[in-house]
Amino acid sequence: MRNFGRVLALSLQHKATFVGVIVTALGVGVLWGGNIGALYPFLDIAFQGRSIHDRLEEKVLALEKENASSQQRLEAALEQYNAMPDHVPEATALEAEIAALESNLRWNESTLAWLRWGQEFLERHVPRDPFQTLAILVGVLFLATLVKNFLLMLNMVLVARLSQLGTFELRKLFFSRTLQMDVATFTSEGTADLMSRFTHDMQNVVGGLNALFGKLIREPLKLIACLIGAALVCWQLLVLSLVIAPLAGLLIRSLARMLKRANRKAMEEMAQLYSVLSETFQAIKIVKAFTMERHERQRFHATSKEYFKKSMKIGWYDAWTRPITEVLGLSIICLAMLAGAYLVLRGETSIWGIPMSSRPLDWPTLLIFYGLLVGTADPARKLSDVFSQLQAGMAAADRIYALVDREPQVRDPAHPRAARRHSQSLVFEGVDFAYQHDRPVLRGIDLAIRFGETVAIVGPSGCGKTTLANLICRFADPTAGVIRLDGIPLPEIRLRDLRGQIGLVTQEPLLFDDTVMNNIRYGSPGASDEEVIQAARQAHAHRFIEEELPDGYQTVVGPLGGQLSGGQRQRIALARAILRDPAILILDEATSQVDLESERLIQTVLERFVRGRTTIMITHRLGALVLADRIVVMQDGRILDSGTHAELIARCELYRRLYQIQFDELKQSA
């Protein structure tokens, strides 16, 4: 409930809308009870052929007669009390009788004042003819129903607005917090669970807010209006009728807990379903190439079946809510009918010695009491439908805030140090790193890179080359040791200041479903079109953009750049890094997906572009090594050797083997 309360706080920031919800709900509630109460004049006046004036005159005469009788009894009681000796037992009982008579007289005088005011009002504005009175009542009832339905419509619109505004704020907060999470969170946990929380769970939050601001406010007000009306008719009879209500509350509370648990499990299963879909669609080529369609269908069937089972459990719990509510509501009405009928038919004012009314009830009054009790049934029934939505919303809020509240391992320092554009050195001092504590990826890395130096990092797959580059970007922090940029430890530099100096081109270039122009401009939003085109020329992308793409730089590349070839995506990604003009350039197999001719052209560009900036190249391509001032050889997470190409050929067996493999491949492709 605490996390759902935080969602409510986001919604309640929009105070004007919330006030509108309350006002319209209050209007609906009052008119709901008022329309039922309007039946009394029909029963008591119109269908008996009497005008409302006649009925009020009867009530005034009856009260005046009752007052006169009470006054006589009061005077007799006072006379008897004054004649009694002090402190006799009978005096206490007589005092209670006198107090009751005085209270009754005061109440009757107050009622008479209101009735006389009503008589004056009716004489001025309401005709005496019973049919005309009935016509006026029908018109008022029809108008009140129109107003009630207009307020109901307005209330539903405001509830939807308030719920969507609250979810809008939550969605922004969730997305912002998700972007702050470490890169490792996305790679280790995947995105399917996040997508489930952003879509399915968020929709459940909307449903919960709609239920809370809608029915959970509106229906109780309707119910309260009917209960107040019934209490005005006979509050003692109402109390007797509601003795069963606490049992209903206990049962519904128990069901609410079970519903929340069931909803949470169903949402977890839905996240698993998203995971299966995501994996299957992303690997669709592999699925088809290995003819695994049947296996994927079976896997999806198994996950869907689990979700079906969890959903059916929710359905069972939800199905119990309405019968329990209706049976207990019917029990309340039956008890009221028996007690009320006993009072009217027997002409009694008490049951088993318990006072139920100050005067005998008549049938019109009792029927209105029943009508008001029945009027509580519709709100109670609608409230029973709320619990499933509300519990689902609470469970969804818990799942969303579980990630919102999680702190990233990599974050800005509390007191960041000023970092100017990189101009001195990048140094690794005894750096260790492990994704899991018992499986180190980097061990004892000591490496100093001068500003302006181009360093190539080579080694077999899995030796830690990409991890080393990721630590420079602070996608993760070392488990031991420190990395310094111009003498400042990276954790002491603001992430924006650090990453703003880095240009990154990865082996798998990722583009957005946007135009070529905007993809190159990504990361440099202030760049002009001319600067974008110049960067594309440097990356040797301008020609294919202009000649091969249908709309040139305004061509939309599709999700993840799917409308382009791998080599085209790579050159656009390189243009994006060139436009950024970084102080540190990281090329992670940046030319792995381009042909040899394009690679030579790109190397010509890089030969000029790397001047005046620190460049780290992770590569296995021989041509790229020509650009390197120094080559670092890695094996099993350690730096095995470092030097020029000639030095390493002469003394490093692993480097000679890697070089020979590439040389053989190059000869075969020639």
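Note that the numbering runs from 1 along the sequence shown for the chain. Remember, it's a predicted structure, so these values are computed and weren't measured experimentally.
Looking at Asp486 and Arg421, no side-chain N of the basic residue comes within less than 4.0 Å of a carboxylate O on the acidic one, giving no salt bridge. Lys310 has a carboxylate O that lies under 4.0 Å from a charged side-chain N of Glu306, or vice versa, which qualifies the two as a salt bridge. Salt-bridge check for Glu169 with Lys172: passed, with a basic side-chain N closer than 4.0 Å to an acidic carboxylate O. Look at Glu589 and Lys465 and you find no salt bridge, because none of the NZ, NE, NH1 or NH2 atoms lies under 4.0 Å from a carboxylate O.
In this structure, Leu485 and Ile488 have side chains that are not in contact, with every pair of non-hydrogen atoms separated by 4.5 Å or more. Counting only heavy atoms from C-beta outward, the side chains of Ile649 and Tyr655 approach each other to under 4.5 Å. A heavy-atom distance below 4.5 Å is found between the side chains of Ile400 and Leu170. The shortest side-chain heavy-atom distance between Ile639 and Ile445 falls under the 4.5 Å cut-off. Ser425 has its side chain out of reach of Ile449: every pair of non-hydrogen atoms, C-beta onward, lies at least 4.5 Å apart. Using a 4.5 Å cut-off on side-chain heavy atoms (C-beta onward), Phe428 and Asp446 make no contact. For the pair Thr178 and Leu403, the minimum side-chain heavy-atom distance is 4.5 Å or more. Side-chain contact check for Ile586 versus Cys473: some heavy-atom pair is nearer than 4.5 Å.
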* Asked: Hey, mind stepping through Phe198 and Phe175 against side-chain contact (heavy atoms from CB on, under 4.5 Å) and telling me if it holds?
  -> CA-CA 8 Å; Phe198 265 109; Phe175 187 68; 3.9 Å; yes
* Leu209 and Leu8: side-chain contact (heavy atoms from CB on, under 4.5 Å), yes or no, with the steps? -> CA-CA 8 Å; Leu209 289 174; Leu8 293 183; 3.6 Å; yes
* To do: Tell me, with the steps shown, if Phe512 and Val557 meet side-chain contact (heavy atoms from CB on, under 4.5 Å).
  => CA-CA 7 Å; Phe512 296 89; Val557 300; over 6 Å; no
* To do: Would you sort out whether Gln180 and Glu407 count as a side-chain hydrogen bond (donor to acceptor under 3.5 Å, both in side chains), showing the intermediate values?
  => CA-CA 9 Å; Gln180 294 175 26; Glu407 289 294 333; over 6 Å; no
* Assess whether salt bridge (Lys or Arg N to Asp or Glu O under 4.0 Å) is satisfied between Glu653 and Arg656, documenting all intermediate values. => CA-CA 5 Å; Glu653 182 180 350; Arg656 282 199 303 271; 5.1 Å; no
* Yes or no on side-chain contact (heavy atoms from CB on, under 4.5 Å) for Val516 and Val532, after CA distance, side-chain angles and deciding distance? -> CA-CA 10 Å; Val516 172; Val532 170; over 6 Å; no
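Side-chain contact annotation: Asp514 with Asn519, donor-acceptor N/O pair under 3.5 Å absent. Side chains of Thr466 and Asp588: a donor on one and an acceptor on the other come within 3.5 Å.
A 6.0 Å sphere centred on CE of Met195 holds no more than 12 heavy atoms belonging to other residues, nucleotides or ligands. Counting non-hydrogen atoms of neighbouring residues, nucleotides and ligands closer than 6.0 angstrom, the CZ atom of Phe544 exceeds 12 such neighbours. Around CG of Leu173, the count of heavy atoms belonging to other residues, nucleotides or ligands within 6.0 Å exceeds 12. The neighbour count for Tyr435 OH, taken as heavy atoms of other residues, nucleotides or ligands under 6.0 Å away, is above 12.
The line from NE2 of His200 to CG of Asn204 is 5.0 Å long, rounded to the nearest 0.5 Å. Here the straight-line distance linking atom CD1 of Ile578 with atom CZ of Arg608 works out to 9.5 Å at 0.5 Å rounding. Interatomic distance, Arg576 CZ to Ile520 CD1, rounded to the nearest 0.5 Å: 9.0 Å. Here CD1 of Ile457 is found 4.5 Å from CG of Leu468. Values are rounded to the nearest 0.5 Å. To the nearest 0.5 Å, atom CG of residue Leu162 and atom CD of residue Gln13 are 10.5 Å apart. One finds the CZ atom of Arg499 at 13.0 Å from the CD1 atom of Ile472 (value rounded to the nearest 0.5 Å).
A distance-only check finds no donor-acceptor pair linking the side chain of Thr303 to the backbone of Phe300 [under 3.5 Å]. Looking only at distances, a side-chain donor or acceptor of Gln501 sits under 3.5 Å from a matching main-chain atom of Arg420. When atom types are taken as modelled, the side chain of Arg411 and the backbone of Pro408 share a donor-acceptor pair closer than 3.5 angstrom. In terms of modelled atom types and a separation under 3.5 Å, the side chain of Glu647 and the main chain of Thr644 share a donor-acceptor contact. Side chain of Thr614 to backbone of Gly452: a donor-acceptor contact under 3.5 angstrom is found. With hydrogens and angles ignored, the 3.5 Å screen pairs a side-chain donor or acceptor of Asp182 with a backbone N or O of Val410. The backbone N or O of Gly444 sits less than 3.5 Å from a side-chain atom of Asp432, completing a donor-acceptor pair. With hydrogens and angles ignored, the 3.5 Å screen pairs a side-chain donor or acceptor of Ser528 with a backbone N or O of Glu531. Between the side chain of Arg494 and the backbone N or O of Asp412, no donor-acceptor pair lies under 3.5 Å. Checked by atom type and distance alone, the side chain of Arg443 pairs as donor or acceptor with a backbone atom of Asp636 at under 3.5 Å.
When each of Arg177, Arg6, Arg399 is tested with Asp405 by the rule salt bridge (charged side-chain N to carboxylate O under 4.0 Å, His left out), just one qualifies, namely Arg6. Of the options Arg521, Glu546, His542, a side-chain hydrogen bond (donor to acceptor under 3.5 Å, both in side chains) to Tyr553 is made by His542 and by none of the others.
The aromatic rings of His645 and Tyr659 sit tilted, their planes meeting at an angle between 30° and 60°.
Checked against salt bridge (Lys or Arg N to Asp or Glu O under 4.0 Å), Arg450 has the following partners two or more places apart in sequence or in another chain: Glu453.
Note that Arg613 lies in the cation-pi zone of Phe609, set by a 6.0 Å cut-off to the ring centre and a 45° limit from the axis.
Taking each heavy atom of Thr619 and Val458 in turn, the nearest pair found is O-CG1, 3.4 Å. Heavy atoms only, all atoms of each residue included: Val431 and Ile483 are closest at CG2-CG1, 3.9 Å. Across all non-hydrogen atoms, the minimal contact from Arg484 to Pro489 is NH1-CG, 3.4 Å. Taking every heavy atom of both residues into account, Ala396 and Val205 meet most closely at CB-CG2, 3.7 Å. Scanning all heavy atoms of the two residues, the minimum distance from Pro413 to Ile493 falls at CD-O, 3.7 Å. Listed here is the closest heavy atom pair of Leu442 and Gly464: CD2-O, 3.5 Å.
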